[in-house]
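Quick notes on the structure that follows.
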Amino acid sequence: MGNKQTVFTHEQLEAYQDCTFFTRKEIMRLFYRYQDLAPQLVPLDYTSYPHVKVPYELIGSMPELKDNPFRQRIAQVFSEDGDGHMTLDNFLDMFSVMSEMAPRDLKAYYAFKIYDFNNDDYICVWDLEQTVTQLTRGELSAEEVSLVCEKVLDEADGDHDGRLSLEDFQNMILRAPDFLSTFHIRI
Amino acid sequence: MSCQLKGLGEEGGGGARGRARSSPPGTGDRSGRRPSRKRTYKAKNAPGRRQAPPGQKEQAGGSPGSGSPRRKQAERRGRHREQLGERERGSAEKTCGGRRKRDGRASLREHQAPPKKEKEVPRKEEMWKQLKKHRSSSSASSTSGGEPLSEEELARILEQVEDKKKLIATMRTKPWPMATKLAELREAQEFVEKYEGALGKGKGKRLYAYRMLMAKKWVKFKRDFDNFKTQCIPWEMKIKDIESHFGSSVASYFIFLRWMYGVNLVLFGLIFGLVIIPEVLMGMPYGSIPRKTVPRAEEEKAMDFSVLWDFEGYIKYSALFYGYYNNQRTIGWLRYRLPMAYFMVGVSVFGYSLMIIIRSMAGNTQGSTNDGESDNFTFSFKMFTSWDYLIGNSETADNKYASITISFKESIVDEQESNKEENVHLTRFLRVLANFLIICCLCGSGYLIYFVVKRSQEFSKMQNVSWYERNEVEIVMSLLGMFCPPLFETIAALENYHPRIGLKWQLGRIFALFLGNLYTFLLALMDDVHLKLSNEETIKNITHWTLFHYYNSSGWNESVPRPPLRPADVPRGSCWETAVGIEFMRLTVSDMLVTCITILLGDFLRACFVRFMNYCWCWDLEAGFPSYAEFDISGNVLGLIFNQGMIWMGSFYAPGLVGINVLRLLTSMYFQCWAVMSSNVPHERVFKASRSNNFYMGLLLLVLFLSLLPVAYTVMSLPPSFDCGPFSGKNRMYDVIQETVENDFPTFLGKIFAFLANPGLIIPAILLMFLAIYYLNSVSKSLSRANAQLRKKIQALREVEKSHKSFKSRATARDSEDTAKGNSKNATQLTKEGTAHHPASPSQTLDQKAQGSRASSSAGRTVSPASQHPGVRPDSGQAQPQARPWRSASGRSAQKPPH
């Protein structure tokens, strides 16, 4: 028991368990993962809620994220100020949403935010282009990219305003057969 | 929490908890304290009360079951509470400061977590109730023996607590940042802890936690099991790898190959387990009888490699071929009926293949009708769900990038094809021309084969023919098979089909070509068989006479019985079944070799040449003429299908053929995977495989039928050889069934079989089947028509919905503006809320979707305390985002009166 008590109080752990999809063990493991990213930065005692942020460069280099084309977006969405630097709470949040226990709606909400590159609460054409470019590493020609974006808007844009709202996105993702299986990170 | 809450806790909560802890749902000691006339009522109503909590949510007052006494009591209680309320209002003023502070906090929090707003209001309301209740309960204990906790209040607390509990349970599904979640959680927990005691319900949590744990474990187990299952699928990673580089059409070949391997494995198990192994274990050993012995004339060379390579010598007289099996009815101590088993296995090989093909075709069609939905969102799904966030390996990531790019390209090709507008007449003309050319090619090749076969029959009559003349048919066929497909492909370029449809045409054409080859081969084989059959009678006589002379010849000492003739010396027939088996065996092996060599020379060497000679060549080899080979899907698929046809035809006469085929498929799986990845390039126009492999399956089914025909013909109408194989000595092979039925089954069964075999019964049965087929076919047709209509309707509905939504969103925008203007009194407050409201609006809609019922119930609560109609509950339709500003305002105003 020794280790757990020194990092978190019992109540903190309970609260984290209630707020995430993790068990006590997983929370501790995540904490150590977090602590490993920046051992000199992150204290081993969280009972007094220290306000520590791990910079994005370290978050993005985690093996779970480093090959993800959207890693920067993920970090930005879950960080407090949108700069990608993460506190432990953000970190837990991120992996909780990405865990496979998380329901579809929650995942869809955050997926929407991740694909909303310019944070304007709509996925506009520019966001779509960004997404395609990231996904294909820019191997599609400009016409192909614009064709794809056009088709996506054509398919999913329910109110014909030329951009995807959260509702459109959810409506579309609700029918995606493998969204749940692909939108998760195992840790 | 604020001091107010603490104060409450000390003042009332403590009392309430203390009291209620000892008395679960409010029956026990209260009834004890009560006068006796109430006790009777209690006793009557106790069960009703105990089961009340779930029901109370709906009607707080009294359930329909409780009669008038109860209602009266409630009225009395209400009056009592009013009096108490008057009294306590004075005392409540004292704590008002604390509450105001709380309000301030609450409104502050409203900015950061808007969804809480709805909860905040009922909570404040609740505080009031609690306050009243505590007062009433404390005064109740001191003053009269009045009812301390009214049902209504109890129900409300219960509802609140349930609500909070639900909030705690679903906290993790809220899309809020962790800090908000933690704060919310703390608040909810405190609330629950405080009032849960009053209701005596704390045990559910553990059960819930346990259930959650089990659910988690179950999910984990399922995931592990799924992983395990995918790991158990052989070559999955290889095929995924190929798919990510070459597209789904090339991968579909490998999936087909894998499927074929599985089918062959089953056939192999069937034949080996039921025929070969029993024969090897229990049958007579090698050399015991003539059919199991190499004849004297062949003995010297029987072990030479060149002989073995032609499946002569020792291999010919082994359990791999039909001729080795004895016609003993039963073998070994198990009294295993080998001839019967042999026949039944031969039948079941076809039966199983037929069944599995039909089943997989049916499965494919079902799968293809199911995913009509995804048609609407091809690109969206590709864009938003194709990246697998699990990928944590840069190599896999590279593959994934490649596969996503390719799948985008596939879809783009599809899209462009569907949009292409072109000169219809020109295309039609070109297509007709192409088909004409190809028919000419097919006719030419057919005539060529016919000509060559005729010639070879002449050659076979002549003596000492050259190697070329002996093998002319095979050589011509190989050449045709090698050059016709590319020719067809060139011609097909005229047609300008979508590559997927083009592939089907190409497959069909090459199929026709191969079919011609196969059937000429079969005809040649049949001629051979008939020749052998005609010679059989003379050989039979020779054998008979040899044996007769051997035993009756003079010059042997009569006192000593003669030793039986050495099996190797017995003259024997040509055993046409084994000859047929050997033909198929040879064909399979040579086919395998040709495939290997083609891949090595045509793909690998070419790739090496292009790759390395490019440094010192005068033009760009990679982009120019030879370039790298593309993977030839049609040729490979058809090669596989025809190979399988050979196996089906040959397996009856050469049980070992399936074993060879399993090996062949295994090696070709690895070899072709390697060759594709190392020396082929993706097609110029990468295209998606058709959704179901039913075209391949259909071809396979056709080939199965075509290969069933010759086998059925030989089994049914040719007499088996007299001195080899399990059916020797019988008139026809299928006599073995009759024999078994007569000898091993009770007589009445034999009669039944005889009756069943009566044409008078079979013909009606066949007719019935035709009728059934016709009926089912028409049913399925009408169903599919209905399906298509429904889909059209859905499409139309979607369109309507789209236009409607765009209209509505405009309308609601206008509407909310109106309400904002209308509420000029709270204008400042509203705008403040509006700004706080806006960024979080997505989260609210999410909230609604996730737990629409909860939102609606909380909405109901905001309204109901204000209007004093606890039973009335607005329907969920009211809980729309645009109604929110108004509702929060009304909640606020509803709060005012108690102040």
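Predicted, not measured: the structure shown is a model, and the values here were computed from it. Proteins come first, then strands; the chains are lettered A, B, ... in the order of their sequence lines, and each starts at number 1. Basis for what follows: all heavy atoms, side chains included, without hydrogens, waters or symmetry-related copies.
Between the side chain of E155(A) and the backbone N or O of F379(B) there is at least one donor-acceptor pair closer than 3.5 Å.
Of the residues considered (R137(A), E144(A), R71(A)), R137(A) shows the highest number of contacts with chain B, using heavy-atom pairs under 4.5 Å. Ranked by heavy-atom pairs shorter than 4.5 Å toward chain B, the options T131(A), I173(A), V148(A) are led by V148(A). Contact tally against chain B (heavy-atom pairs below 4.5 Å) for N90(A), T87(A), L128(A): the top residue is L128(A).
Remark: the T405(B) side chain and the E139(A) side chain contain no N/O donor-acceptor pair separated by less than 3.5 Å.
The contact between L147(A) and chain B is made entirely by side chain atoms (from C-beta outward), counting heavy-atom distances below 4.5 Å. Contact of I123(A) with chain B is made through the side chain alone, with heavy-atom distances under 4.5 Å. Looking at A15(A), both its backbone and its side chain come within 4.5 Å of chain B, counting heavy atoms on both sides. At a 4.5 Å heavy-atom cutoff, the contact between Y115(A) and chain B is made by side-chain atoms alone. Contact annotation for I74(A): only side-chain heavy atoms (C-beta onward) come within less than 4.5 Å of a heavy atom of chain B.
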As a quick check of understanding, evaluate side-chain contact (heavy atoms from CB on, under 4.5 Å) for L182(B) and Q12(A), giving each step before the final call.
CA-CA 9 Å; L182(B) 283 175; Q12(A) 272 178 313; over 6 Å; no

Going through the checks in order, is the side-chain contact (heavy atoms from CB on, under 4.5 Å) test met by L164(A) and F384(B)?
CA-CA 12 Å; L164(A) 298 184; F384(B) 294 120; 4.0 Å; yes

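The distance from atom OG1 of T136(A) to atom OH of Y401(B), rounded to the nearest 0.5 Å, is 9.5 Å. If you take CZ on F70(A) and CH2 on W387(B), they are separated by 8.0 Å, rounding to the nearest 0.5 Å. Rounding to the nearest 0.5 angstrom, the gap separating the CD atom in Q134(A) from the CD1 atom in I404(B) is 11.5 Å.
Residues forming a ring pair (Phe, Tyr, Trp, His ring centres under 6.0 Å) with Y34(A) (at least two apart in sequence, or on another chain): F91(A). Residues forming a ring pair (Phe, Tyr, Trp, His ring centres under 6.0 Å) with F78(A) (at least two apart in sequence, or on another chain): Y110(A).
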